[in-house]
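Take a look at the structure below.
These figures come from a predicted structure and were not determined experimentally. Residue numbers run from 1 in the order of the sequence given.
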Amino acid sequence: MAKKIKRRIFLILEAKEHKQRLSRACEYFLMFLIIANTLAVCIESVEEIFEVYEFYFIIFNRFSIGVFTLEYLLRVWSCTTLDRYRHPIWGRLRYMVTPLAIIDLIAFLPFYLPFTNADLRSIKLFGLTRFLQLLKLGRYSRGIKILGQVIRLRQEELILTLNIVCFLLISSATLIYFVEHDAQPDKFPNIPAAMWWGIITLTTVGYGDVYPITPLGKILGGILALLGIGLFALPAGLIASGFTEVITANKKWAETHAPRVCPHCGKPLDEQPNNQTHLKD
């Protein structure tokens, strides 16, 4: 009996039973609570509103923390349903160090810090981790799951692009330091400081707070800006093509694994006796 209850709770929390009303209700409720908490954090930063409705914000925060704490405990308790977490101790510990479980823990853990001797500045800093609750939507949002599939599909190309960006950033910062240091020692005092100019130039933002004034520095800046336009178009193209491949593959999988339905009564053929199709009278 206990195993059945544990498995039932696990399937509900993991949204594995989409056809069940309770599973869908739990999924929608947690999604609503995550979004509402994110909006609450934003509104709390408006002092005029927070001072008037401080009591309600505190009550809502405590209610949300209670729900997220209970959700986390139930997930840890019921995770032994899966074979890879079957061991009652080591299995749960393995589950607790998974990325989503860590996000679940960080989402409510800062609430309990005021009851310790933690520094107040640290408590305010940890309060920002409530925004990590948005990452919990990855359990339920199909779009976020597809994004994760795309990143895994294109991870080698994205890592290669990142390496090229880092190489260009270090190279440009080094060159601009030697070219502009004598002319602007306050703007380019060292290579790490010159990296700020390299970042805003590669991204073609150009804040204008740091810029070259020598002819050679201007030429270098122009070349780097042109490279930045093409360089940052690379990951966008990789992700776009990855989205197309993943969505096409998911559609093919859904069509292949879709249940056969009787064209007359609309019921799955597997549920009908002897897989015989109902005929019209």
For a 4.5 angstrom cut-off between non-hydrogen side-chain atoms, does Thr98 reach Arg94? no
Grouping I, L, V, M, F, W and Y whenever their side-chain heavy atoms are under 4.5 Å apart, do Val97 and Phe108 come out in a common cluster? no
Establish whether Leu82 and Met96 are linked, either directly or via other cluster members, by ILVMFWY side-chain heavy-atom contacts under 4.5 Å. yes
Derivation and outcome, side-chain contact (heavy atoms from CB on, under 4.5 Å), residues Phe60 and Leu33: CA-CA 10 Å; Phe60 176 72; Leu33 199 60; 4.0 Å; yes
Do Leu168 and Leu162 belong to the same hydrophobic cluster, where Ile, Leu, Val, Met, Phe, Trp and Tyr are linked whenever their side-chain heavy atoms lie under 4.5 Å apart, directly or via other members? no
Taking every non-hydrogen atom, the tightest pair across Pro189 and His181: O-CE1, 3.7 Å
Closest contact, heavy atoms only, Ile65 versus Thr69: O-OG1, 2.6 Å
Say you draw a straight line from CG of Leu100 to CG of Leu105; how long is it, rounded to the nearest 0.5 Å? 12.5 Å
Is the shortest heavy-atom distance from the side chain of Ile170 to the side chain of Ile191 under 4.5 Å? no
What residues, two or more places apart in sequence or in another chain, satisfy salt bridge (Lys or Arg N to Asp or Glu O under 4.0 Å) together with Glu157? none
Phe57 side chain reached by Asn61 side chain, heavy atoms, under 4.5 Å: no
Tell me, do Asp209 and Trp197 make a side-chain contact under 4.5 Å, heavy atoms counted? no
Flag if over 12 foreign heavy atoms under 6.0 Å of OH, Tyr211: no
Hey, could you give me the CZ/CD1 distance between Phe68 and Ile106, rounded to the nearest 0.5 Å? 14.0 Å
Closest approach of Tyr72 and Ala101, non-hydrogen atoms and distance? CE1-O, 3.5 Å
Nearest 0.5 Å please: distance from the OG1 atom of Thr81 over to the CG atom of Leu11. 7.0 Å
CG/Leu224 to CD1/Ile229 distance, rounded to the nearest 0.5 angstrom? 10.5 Å
Specify the closest pair of heavy atoms between Thr201 and Gly221, including all atoms of both residues, with the distance to one decimal. CG2-O, 3.6 Å
Taking C-beta and beyond as the side chain, do Lys187 and Trp196 meet within less than 4.5 Å on heavy atoms? no
Where is the tightest heavy-atom contact between Cys79 and Tyr85, given as atom of each residue plus distance? O-CB, 3.4 Å
Can you find a pair of side-chain heavy atoms, one from Arg86 and one from Asp83, that are under 4.5 Å apart? yes
Any link between Ile223 and Ile164 through a network of hydrophobic side chains (Ile, Leu, Val, Met, Phe, Trp, Tyr) touching at under 4.5 Å? yes
Knowing that exactly one of Val210, Leu216, Leu175, Thr214 qualifies, which makes a side chain to side chain contact (heavy atoms under 4.5 Å, CB included) with Glu180? Thr214
Would you kindly confirm whether Phe50 and Val46 end up in one hydrophobic cluster when ILVMFWY residues are joined by side chain heavy atoms under 4.5 Å apart? yes
Please say whether more than 12 non-hydrogen atoms of neighbouring residues, nucleotides or ligands are located less than 6.0 Å from OH in Tyr53. no
Distance in Å, Ile9 CD1 paired with Trp77 CH2, rounded so as to fall on 0.5 Å steps: 4.5 Å
If I compare all heavy atoms of Ala194 with all of Ile176, which pair ends up nearest, and what's the gap? CB-CG2, 3.7 Å
Would you compute the distance between atom CZ of Arg92 and atom OG of Ser78 and round it to the nearest 0.5 angstrom? 8.5 Å
Give a yes or no on whether the backbone of Leu13 and the side-chain of Arg75 come within a donor-acceptor separation of less than 3.5 Å. yes
Could you check if a side-chain atom of Thr248 sits within less than 4.5 angstrom of a side-chain atom of Glu245, using non-hydrogen atoms only? no
Please examine the side chains of Cys26 and Glu71, heavy atoms only from C-beta on, and report whether any two atoms are closer than 4.5 Å. no
